[in-house]
Amino acid sequence: SIPNRPDSTAVCTLASLNLSKHVKKDSSDFDWDKIEDTLETMVLALDNILDKNFYPSKEAKKNTMDLRPIGIGLMGFAEALVELDVAYDSEEAVTIARKLGQFMRKISYATSEKLAIERGAFNHYKEAKYDYKPRRNAVLLAIAPTATISIVSGTTSSIDSYFSNLYSRDTLSGKHIVINSQLIFELESKELWNDHMATLIKQHSGSVQCIEELDGKIDKEVYKTAYEIHPNRQIDIAAAFQESIDQAVSKSIYIDEQLR
């Protein structure tokens, strides 16, 4: 976490990598080379922003110049899992979360260490004894909620699961229908999408788990919605990421009334 004092207000400049845009075209795995390139660009870009940014107070600017904190996070995790045909409510998803977190830490830290050679370490590094090599930024990773930017990007929020396969969202500009386009694409490809199927999904509140017409036709586990995924799995995924994230992980935990 970033220290916060009366003379030094904690500030963190954020950006999130869209995982749904970093899956190989054949959906066999993540494009790790592309993720690495994006992470390197993000570290450099965010570090540049720190010097160009407007700060609301001198205390906020002091904190930033002393520690140069940035927060690189993720969005589109659930969409990427569907693309990889991996159920969110599975051990494989937890393994993927852990691998992603470790990779983010490795690449982001290495890039910051290279920047320290070129530009110098964060100011406070010179004033205190740290048990790691000089780097440009004291902290680099933070998984934010991404509520707005994930909507703008058309992907799932942060590392959260799909809330539902069909639901409405009320905004200042009106009510909007949100639908899982990946589910619709698969149903269309198997000639299962029609008005009747749309009505069934609506009747089941956006769930496909109890629709008999889809038994054996699609992997229903992949399309579990928020309240159909066990809370322990939601916690496991958050914990797997947190192992490598040097700041906080924002994660929605959904608990069905029957489990309370």
Side-chain angles (χ1 to χ4, degrees), residues 2 11-53 64 67-86 88 92-119 122 133 135-162 181-182 237-238 240-251:
I2 307 170
V11 177
C12 192
T13 304
L14 307 174
S16 296
L17 183 150
N18 187 350
L19 281 171
S20 68
K21 301 299 184 183
H22 292 75
V23 177
K24 290 183 176 179
K25 291 183 178 180
D26 62 1
S27 299
S28 61
D29 195 4
F30 285 107
D31 187 336
W32 295 100
D33 290 336
K34 185 177 180 181
I35 293 177
E36 179 175 354
D37 182 66
T38 301
L39 288 170
E40 290 174 344
T41 301
M42 292 171 79
V43 172
L44 177 60
L46 288 175
D47 190 69
N48 287 341
I49 288 172
L50 299 183
D51 294 319
K52 302 293 185 181
N53 212 356
T64 300
L67 300 173
R68 305 190 70 81
I70 59 176
I72 294 174
L74 298 171
M75 58 182 170
F77 178 63
E79 182 180 352
L81 288 182
V82 174
E83 191 68 26
L84 295 171
D85 199 30
V86 174
Y88 194 101
E92 187 176 0
V94 178
T95 300
I96 290 173
R98 182 171 291 109
K99 184 177 180 180
L100 281 166
Q102 292 170 346
F103 191 76
M104 288 173 65
R105 188 181 183 96
K106 174 185 174 183
I107 301 304
S108 299
Y109 275 44
T111 305
S112 188
E113 288 169 4
K114 290 178 183 177
L115 272 182
I117 296 173
E118 300 172 10
R119 302 178 175 182
F122 60 94
K133 292 190 292 185
R135 59 178 184 248
R136 183 66 171 166
N137 317 93
V139 289
L140 291 102
L141 304 171
I143 297 183
T146 73
T148 301
I149 62 172
S150 60
I151 294 173
V152 172
S153 301
T155 190
T156 51
S157 299
S158 187
I159 56 171
D160 288 346
S161 59
Y162 270 103
S181 59
Q182 292 176 290
I237 286 177
F241 275 111
Q242 188 68 78
E243 290 174 10
S244 301
I245 303 302
D246 53 25
Q247 296 175 82
V249 169
S250 175
K251 174 82 174 72

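The analysis underlying the following values was restricted to heavy atoms, covering all of them including side chains, and did not include hydrogens, waters or symmetry mates. These numbers come from a predicted model, not from an experiment.
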Item to check | pair L100-L19: side-chain heavy atoms closer than 4.5 Å | outcome: yes
Checklist entry - Could you walk me through whether L50 and N53 pass the side-chain contact (heavy atoms from CB on, under 4.5 Å) check? => result CA-CA 5 Å; L50 299 183; N53 212 356; 5.7 Å; no
Item to check | Reference residue D31; test side-chain contact (heavy atoms from CB on, under 4.5 Å); the match among K21, E36, K24 | outcome: K24
Checklist outcome for this item: CD1 (I107) and CE (M42) are apart, to the nearest 0.5 Å, by 13.0 Å
Checklist entry - What pairs meet the salt bridge (charged side-chain N to carboxylate O under 4.0 Å, His left out) rule with one or both residues in residues 97-115, with sequence neighbours excluded? => result R98-E243, E113-K133
Checklist outcome for this item: Residues I72 and S108: closest non-hydrogen pair is CD1-OG, 4.0 Å
Checklist entry - What residues form a side chain to side chain contact (heavy atoms under 4.5 Å, CB included) with S158, not counting sequence neighbours? => result I143, T146
Item to check | Heavy-atom donor-acceptor pair, D160 side chain to A78 backbone, under 3.5 Å | outcome: no
Item to check | Test ring-ring contact (aromatic ring centres under 6.0 Å, His included) applied to Y162 - qualifying residues, sequence neighbours left out | outcome: none
Checklist entry - What pair of heavy atoms forms the shortest contact from A147 to S157, and how long is it? => result CA-OG, 4.4 Å
Checklist entry - Rounded to the nearest 0.5 Å, how far apart are OG1 of T13 and CG of N48? => result 11.5 Å
Checklist entry - In chain order, what residues pass the ring-ring contact (aromatic ring centres under 6.0 Å, His included) check against F241, with sequence neighbours excluded? => result F77
Next on the checklist: The criterion is side chain to side chain contact (heavy atoms under 4.5 Å, CB included); which residues satisfy it with T155, sequence neighbours excluded?
Outcome noted: N18, S20, M75, E79, S150, S153
Next on the checklist: Quick check: closest heavy atoms across V94 and A240, and the distance to 0.1 Å?
Outcome noted: O-CB, 3.7 Å
Item to check | Ion pair D51/R68, N-O distance below 4.0 Å | outcome: yes
Checklist outcome for this item: Heavy-atom nearest pair, L14 first then A142, reads CD2-CB, 4.5 Å
Checklist entry - From L17 CG over to T41 OG1, what is the distance, rounded to the nearest 0.5 angstrom? => result 10.0 Å
Checklist entry - With distance as the sole test, does T111 use its side chain to make a donor-acceptor pair with the main-chain N or O of E40 at under 3.5 Å? => result no
Item to check | Within-4.5 Å side-chain heavy-atom neighbours: R136 and V43 | outcome: no
Checklist entry - Do you know which two heavy atoms are closest between V139 and D246, and how far apart they sit? => result CA-OD2, 3.6 Å
Item to check | CA sep, side-chain torsions, deciding dist, call: E83, S27, side-chain hydrogen bond (donor to acceptor under 3.5 Å, both in side chains) | outcome: CA-CA 6 Å; E83 191 68 26; S27 299; 2.9 Å; yes
Checklist outcome for this item: Between the OG atom in S161 and the CG atom in L81, the distance rounded to the nearest 0.5 Å is 10.0 Å
Next on the checklist: So, taking the atom named CG in D47 and the one named CZ in R119, what distance separates them when rounded to the nearest 0.5 Å?
Outcome noted: 5.0 Å
Next on the checklist: side-chain contact (heavy atoms from CB on, under 4.5 Å) for Q242 and I245? Distances and angles first, verdict last.
Outcome noted: CA-CA 5 Å; Q242 188 68 78; I245 303 302; 3.9 Å; yes
Checklist entry - Say you draw a straight line from CG of L115 to CZ of R135; how long is it, rounded to the nearest 0.5 Å? => result 12.5 Å
Item to check | Any side-chain heavy-atom pair of T38 and I35 under 4.5 Å | outcome: no
Checklist outcome for this item: What one should report as the nearest heavy-atom pair of S28 and D26 is OG-OD1, 2.7 Å
Item to check | Any pair counted as ring pair (Phe, Tyr, Trp, His ring centres under 6.0 Å), so long as it reaches residues 23-47, sequence neighbours left out | outcome: F30-W32, W32-F103
